[in-house]
There are 2 protein chains.
Amino acid sequence: MSLRMALLGLLTISGPASGYDLTKLFESSINHAWQARHSQIYPELNKMSADGLVTVGEQGARGRKTYAVTEEGARLLREWLLAGEPSRLARHEESLRAFLVPALEPDEAVALLREQARGYDARLAELEALGEPKTLERGRRAEGFGRYALDLGLRHMRMMRDWARDTADEIERSSRSRP
Amino acid sequence: MSLRMALLGLLTISGPASGYDLTKLFESSINHAWQARHSQIYPELNKMSADGLVTVGEQGARGRKTYAVTEEGARLLREWLLAGEPSRLARHEESLRAFLVPALEPDEAVALLREQARGYDARLAELEALGEPKTLERGRRAEGFGRYALDLGLRHMRMMRDWARDTADEIERSSRSRP
DNA sequence: TGAATCATGTAAGGCGTTACATGATTAT
DNA sequence: ATAATCATGTAACGCCTTACATGATTCA
């Protein structure tokens, strides 16, 4: 269901697009919260079309198909977004890794956490670059769509970086005090 | 692979345990980063045993089996943790929902975000209760294992709550200025 | 004694990844 | 001409969820 909603949402926010466009949109925008490859997106769009959630517009060059959200699709998305179910589906391999850090020896754990912190900093820089005017030329991104999401991504990276750094500090401190 | 590592990690940190124990441990500890039901855990433990990563100890009452990590299991976990692959597998339905908020009308979006912020606050309170001495009686949790993870969980909840609140504020402000 | 909890399993079907496969168009 | 990019699809296999299924032990 989530993939379906993600596609409806992307089409709603960014306007009609092809499967190819949506594949790239996934990568460039929503990637830190959800992933999908073209091999999953293309069949899903076909099913959604069969279910009346999207329509296929003009068949462009190279067999390009442009999809647009129908009224029913819009209604379904709205319902899904407003449905207050907690829906705790969350799979985050990095957090899992972080969680298992105490299974390592203290010095190994510290090294790993420091490296992770560096990684988050690098990705933070990538994301920050996306927010700068220079990168915004590709359109849309600035207004509404992407604004809040980008902000969320930035906060997430900062949070993870800080946690990794603080935890490394704490492990170092406690393993120095009783070695 | 992740489930396998999660199980090895939990067994390493908390000591020998049954599939039943691990199922509950999953729920009470790692839940915000990874989920697994008993129907996935039991077969996986059997496979891991066949692969020599864990051993089955004494068969207790009610057919209870107690698993322990083997040397090979420990080695595999260590390798996996230290392997620096970025591994960006992340599926977070809540972030996805948050991301799609701009697909709603401003007033609907604000209402949704406020409700989400309340939800995060509630879960934050739950997590904070876990960190208090009273709840710690069930053992282990306090030292090492759970400490860092709990901290990460708390930071995550706070981050999400703040984002939801700030974004609601921002949408409210911008829809008031040009309605 | 009956309900709750402990304890383990299997099966069907859906979701997601990797790999395979093909061809058109554009830029160098 | 050649490489890069655009563009869509299918198939096999693995991971995960939901539902079905069973029985032992403990507590009130």
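All values reported here derive from a predicted model rather than from experimental measurement. Just so we're on the same page: letters track the sequence lines, and every chain starts at 1.
- In this structure, B:Trp34 atom CH2 and D:dT17 atom C1' are separated by 14 Å, rounded to whole Å.
- With C:dA7, D:dT8, C:dG9 as the candidates, the nucleotide lying closest to the side chain of A:Tyr42 is D:dT8.
- B:Glu27 has its CD atom 14 Å from the P atom of C:dA7, to the nearest Å.
- Atom CD1 of A:Ile41 is separated from atom P of D:dC6 by 15 Å (rounded to the nearest Å).
- Atom NZ of A:Lys47 is separated from atom C1' of C:dG13 by 12 Å (rounded to the nearest Å).
- Annotation: salt bridge (Lys or Arg N to Asp or Glu O under 4.0 Å) contacts involving residues 29-44 of chain B, sequence neighbours excluded, comprise B:Arg4-B:Glu44, B:Glu44-B:Lys47.
- Taking the C1' atoms of five terminal pairs at each end of the helix from C:dT1-D:dA28 to C:dT28-D:dA1, the two resulting helix axes are inclined by 30°, rounded to 10°.
- Two residues, A:Ala61 and A:Met1, neighbour DNA chain C, and the one matched to the more 5' nucleotide by heavy-atom proximity is A:Met1.
- Rounded to whole Å, atom P of D:dG9 lies 9 Å from atom CG of A:Leu45.
- In this entry the distance linking CD of A:Gln59 with C1' of D:dA7 reads 11 Å, nearest Å.
- Take A:Glu71 and apply the salt bridge (charged side-chain N to carboxylate O under 4.0 Å, His left out) test, not counting sequence neighbours, and it matches no residue.
- Taking the ring-ring contact (aromatic ring centres under 6.0 Å, His included) definition, one finds that A:Tyr42 meets it with A:His38, sequence neighbours left out.
- In terms of the salt bridge (charged side-chain N to carboxylate O under 4.0 Å, His left out) criterion, A:Glu27 has no residue partners (sequence neighbours excluded).
- Checked against salt bridge (charged side-chain N to carboxylate O under 4.0 Å, His left out), A:Arg118 has no partners two or more places apart in sequence or in another chain.
- Legend: salt bridge (Lys or Arg N to Asp or Glu O under 4.0 Å) pairs involving residues 103-112 of chain B, not counting sequence neighbours, sorted by first then second residue: A:Arg78-B:Glu108.
- Atom CG in B:Leu7 sits roughly 13 Å away from atom P in D:dC15 (whole-Å rounding).
- Between the CD atom of A:Glu58 and the C1' atom of D:dT8 there is a distance of 16 Å, given to the nearest Å.
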Q | Intermediate values then yes/no, ring-ring contact (aromatic ring centres under 6.0 Å, His included), A:His92 and A:His156 | A | CA-CA 12 Å; A:His92 198 243; A:His156 181 252; 5.3 Å; yes

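- Taking the ring centre of B:Trp80 as origin, the terminal cationic atom of A:Arg97 falls inside the region bounded by 6.0 Å and 45° from the ring axis.
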Atom pairs under 3.5 Å: protein N/O with N/O of nucleotides 17-23 of chain C:
from, atom 1, to, atom 2, distance (Å)
C:dT17, OP1, B:Arg91, NH2, 3.1
C:dT17, OP2, B:Arg91, NH2, 3.4
C:dT18, OP2, A:Arg37, NH1, 2.7
C:dT18, O4, A:Ser39, OG, 2.8

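- Screening residues 12-33 of chain A for ring pair (Phe, Tyr, Trp, His ring centres under 6.0 Å), with sequence neighbours left out, gives no hits.
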